[in-house]
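Below: one structure, written as structure tokens.
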Amino acid sequence: MSNDFSSESRLKKINLKDKSTTMKNSLLLLFVVVCLLISCQEQERKFAITVSFDKMVNEQPIDGRILLMLSSNDEKEPRFQINSGLNAQPVFGMDVNGMVPGQEIVFDESIFGFPYESLAELQAGEYTIQALLHVYETFDLITGHTVKLPMDNGEGQQWNRSPGNLYSQPFKITIGDNGIQNVNIVMNQIVPPIEEPADTKWVKHIKLKSEKLSEFWGRDMYLGAHVLLPKGFDEHPEAKYPLMIFHGHFPSDFGGFRTTPPDPNMEPDYAARFDVKGYNIIQQQEAYDFYKRWNEPDFPRFLIVEIQHPTPYYDDSYAVNSASQGPYGDAITYELIPHIEEQFRGMGEGWSRFLYGGSTGGWEALAVQVKYPEEYNGCFAACPDPIDFRAYCLTNIYEDKNAYYYKSAHKQLEVPARRDYLGQISTTVKDENHLELVLGTKSRSGQQWDIWEATYSPQGKDGYPERIWDKMSGDINPEVAEYWKENYDLKYILERDWDKLGEKLKGKIHIYCGDMDNYYLNNAVYLMEDFLESTTDPYYDGEVDYGDRAEHCWNGDQENPNHISRLRYNRMYVPKIMKRIEESAPRDADLNSWRYQ
């Protein structure tokens, strides 16, 4: 019995010793794992850049998008060097909600950027660094959705200079092989308000609250316009005038009109796009030449209008109704235009209204003519944005599976987005879309591909536009593509509805494009031309023309270089407009009161 007890006692002692050893080993292992994790985190997290804002610039919580920007040169502040081309500079973005003064937001390697996807990819060297907070406001839409978007503040949706945005003063940093830590950026600057242009003898400015848009957005929304008055407007109160609408990007004032010769003290600049020295002087001379032509006895007396219709998504609305932006087409055609005509003695009839513009303005001119066929009497669409989505630049959204890469079993080749007239590529569709994703999620970048989504797409369940393709991968959503087709593919709509639209549009469609358009927009024009030339009962009886080796945005001038003709929109279509009026005006139309000398 004593022997059994002794054995059992020894066994217990052995077990206790084993348990003690196991516990010590476990604690030691846990300590080692924790140390390794801390070490790994320290090794992996080579970047830690904090961004905050000072209460002196804003005391309230802010929603928006913080952009962290770096540049490897001192040409401009980093915020003015962000683009997708060969001179791109790094930018990283992060959404914030309810950010308060003094709150530090950390940018590390996990934050998505462009052209480097991560801060960890930055090359060692000296950089100028800057942060900016693009401020969002809350909109309670008529659809029942609540969305957060940047309101335009008179700048035309330019995030790097939008009044009310916060930013930091740029300063130098050095990134070593081991990254950089303990960089603290304080945004203590605010972009100031923009002064609105004053009326002159020739140019008047309109701001109109739109009931249609205010209802959609759940707050007061306004449309604006710059109106160029004809010679003799005050001296001829009996005259009523035809109206020419110059569509395009956000105009800060009426452009291309100057009552004095070029400034003799102006230093000539260099326009790299056109390889022209002194282009600023050329622009002033062309503006002065137009003023002189505007006053000549044989020049018809018109009203010319440039419209301000920025939305929370872009610098203009594309002048049509859309699910996510609201009824801009109706607001412009049925609220703003009649208001201008009433105030400045416009004819107020469809036969007396004409549309023209280039690029975005070219698409708008054609789209508005198609969607409001009897409200306007002719469109002159230069270098229009894609008017057939089989050629959505270089993507066929109905047949292609991916917008970023060409189809291939064994090779990955990116789809180009921009070229010069010799075919040299400077950026790709993937690059442009990834930059947009950095600048703003949910189609909020204020850039080109996102505004096409905001205009053409159905509204998603979250109140924002549905993606035509996955922004990271480029995979196309065929259901969204079908929605685009039925509602905004202008060639498809014309072909589908020609039996209803043909007579209303006969003689009204004029399209111009360079055959080396920088954005491949000529491809869609070819497809549109094929359809238009096939029309019968009636034949479309309009015009499609191309500029040989002409880049964006060629507008139909076969005699002058692009850098000159682009400055002459307001006079180059006048002979064709006058011919159209003579051929189509009603018998009882006023063709005399506005023809004074």
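Because only heavy atoms are used, hydrogens play no part in the values below, and waters and symmetry mates are left out as well, while side chains stay in.
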How long is the gap from OH on Y539 to NZ on K506, to the nearest 0.5 Å?
-> 11.0 Å
Should V370 and I493 count as side-chain neighbours, where that means a heavy-atom distance under 4.5 Å?
-> yes
Would you give the length of the straight line joining atom CG of N522 to atom SG of C393, rounded to the nearest 0.5 angstrom?
-> 10.0 Å
What is the ring orientation for H205 with H226, classed by angle as parallel under 30°, tilted 30 to 60°, or perpendicular over 60°?
-> perpendicular
Only one of K292, R293, R571 passes salt bridge (Lys or Arg N to Asp or Glu O under 4.0 Å) with E286, and that residue is R571
side-chain hydrogen bond (donor to acceptor under 3.5 Å, both in side chains) between N555 and Y356, intermediate numbers included = CA-CA 10 Å; N555 58 11; Y356 57 90; over 6 Å; no
If we ignore angles and hydrogens, is there a donor and acceptor under 3.5 Å between the side chains of D557 and Y569?
-> no
Is a side-chain donor or acceptor of Q308 paired with a backbone partner of P251 at a separation under 3.5 angstrom?
-> yes
May I ask you to check whether D275 and Y270 show a side-chain donor-acceptor distance below 3.5 Å?
-> yes
side-chain contact (heavy atoms from CB on, under 4.5 Å) assessment of C553 paired with D517 = CA-CA 7 Å; C553 187; D517 186 275; 5.7 Å; no
Quiz item: cation-pi between K576 and F380, 6.0 Å / 45° = no
Crowded around Q597 CD? As in, over 12 foreign heavy atoms under 6.0 Å?
-> no
Sole residue of E364, Q448, H552 in side chain to side chain donor-acceptor pair (under 3.5 Å) with S359 | H552
Assign the ring pair Y526 / Y546 to parallel, tilted or perpendicular, where the plane angle (0 to 90°) is split at 30° and 60°.
-> tilted
Answer with yes or no whether the side chains of Y318 and T360 bring together a donor and an acceptor at under 3.5 Å.
-> yes
Assess the side chains of T427 and E432: does a donor N or O sit below 3.5 Å from an acceptor N or O?
-> no
Under a 4.5 Å cut-off applied to non-hydrogen side-chain atoms, are Q89 and N73 in contact?
-> yes
Going by distance alone, is a donor N or O of one side chain under 3.5 Å from an acceptor N or O of the other, for E341 and H339?
-> no
Measure the shortest side-chain to side-chain distance between I82 and N160 over non-hydrogen atoms and say whether it is less than 4.5 angstrom.
-> no
K212 vs I332, side-chain contact (heavy atoms from CB on, under 4.5 Å): CA-CA, chis, key distance, verdict | CA-CA 10 Å; K212 297 178 184 295; I332 291 170; over 6 Å; no
To the nearest 0.5 Å, what is the distance between CG (D220) and CG (L213)?
-> 11.0 Å
Say whether S162 and E155, considering side chains only, have a donor N or O and an acceptor N or O under 3.5 Å apart.
-> yes
Would you say the side-chain atoms of D489 pair up with the backbone N or O of N487, donor to acceptor, closer than 3.5 Å?
-> no
Would you check if Q157 and F250 make a side-chain contact, meaning some heavy-atom pair closer than 4.5 Å?
-> no
Could you tell me how the ring of Y512 sits relative to the ring of H510: parallel (under 30°), tilted (30 to 60°) or perpendicular (over 60°)?
-> parallel
Hey, is CD on E342 packed in by over 12 heavy atoms from elsewhere, all under 6.0 Å?
-> no
Please test Q284 against N280 for side-chain hydrogen bond (donor to acceptor under 3.5 Å, both in side chains), starting from the C-alpha separation and ending with a verdict.
-> CA-CA 6 Å; Q284 288 195 359; N280 53 344; over 6 Å; no
Modelled atom types, side-chain donor and acceptor of N377 and S584, under 3.5 Å = yes
If you round to the nearest 0.5 Å, how far is CD1 of I340 from CD1 of I245?
-> 7.5 Å
May I ask you to check whether over 12 heavy atoms, not counting those of Q558, lie within 6.0 Å of atom CD?
-> yes
Please assess D385 against Y519 for the test side-chain contact (heavy atoms from CB on, under 4.5 Å), listing each intermediate value before the final yes or no.
-> CA-CA 9 Å; D385 287 2; Y519 309 104; over 6 Å; no
Is the number of heavy atoms from other residues, nucleotides or ligands under 6.0 Å of Y421 OH greater than 12?
-> no
Is there a donor-acceptor contact under 3.5 Å linking the side chains of T311 and Q325?
-> yes
Hey, can you tell me if W498 and F531 have their rings parallel, tilted or perpendicular (30° and 60° cut-offs)?
-> perpendicular
Taking 4.0 angstrom as the limit, do R419 and E551 come out as a salt bridge?
-> no
Between the main-chain N or O of E495 and the side-chain N or O of D497, is there a donor-acceptor pair closer than 3.5 Å?
-> no
Mind checking whether Y313 and W217 have parallel, tilted or perpendicular rings, split at 30° and 60°?
-> tilted
Would you find more than 12 non-hydrogen atoms of other residues, nucleotides or ligands less than 6.0 Å from E583 atom CD?
-> yes
Please report the closest heavy-atom contact between K209 and S214, naming both atoms and the distance.
-> CE-OG, 3.7 Å
Please lay out, stage by stage, how N560 and S565 fare under the test side-chain hydrogen bond (donor to acceptor under 3.5 Å, both in side chains).
-> CA-CA 6 Å; N560 293 287; S565 61; over 6 Å; no
CD (E267) and CD1 (I281) are apart, to the nearest 0.5 Å, by 8.0 Å
E215 atom CD, over 12 foreign heavy atoms within 6.0 Å | no
Would you call K240-D590 a salt bridge at under 4.0 Å N-O?
-> no
In this structure, are over 12 heavy atoms from other groups packed under 6.0 Å from R549 atom CZ?
-> no
Once the angle between the rings of Y392 and W484 is folded into 0 to 90°, is it parallel (under 30°), tilted (30 to 60°) or perpendicular (over 60°)?
-> perpendicular
Residue pair F274, Y279: steps toward the ring-ring contact (aromatic ring centres under 6.0 Å, His included) verdict = CA-CA 9 Å; F274 305 114; Y279 193 53; 5.3 Å; yes
Lys/Arg N to Asp/Glu carboxylate O, R444 vs E436, below 4.0 Å = no
If the plane angle is over 60° it's perpendicular, under 30° parallel, otherwise tilted; pick one for Y456 and F389.
-> tilted
Intermediate values then yes/no, side-chain contact (heavy atoms from CB on, under 4.5 Å), V415 and Y520 = CA-CA 11 Å; V415 177; Y520 308 92; over 6 Å; no
Determine, step by step, whether Y376 and T333 satisfy the side-chain hydrogen bond (donor to acceptor under 3.5 Å, both in side chains) criterion, reporting the C-alpha distance in whole Å, the side-chain angles of both residues, the deciding distance to 0.1 Å, and the verdict.
-> CA-CA 9 Å; Y376 303 92; T333 294; 2.8 Å; yes
Answer yes or no: is there a side-chain heavy-atom contact under 4.5 Å between Y314 and D152?
-> no
Do the numbers put R258 on top of the ring of F290, so that NZ or CZ is under 6.0 Å from the six-membered ring centre and no more than 45° off the axis?
-> no
In Å, rounded to the nearest 0.5 Å, how long is the span from CG of D431 to CD1 of I425?
-> 12.0 Å
Atom CG of D537: over 12 foreign heavy atoms under 6.0 Å = no
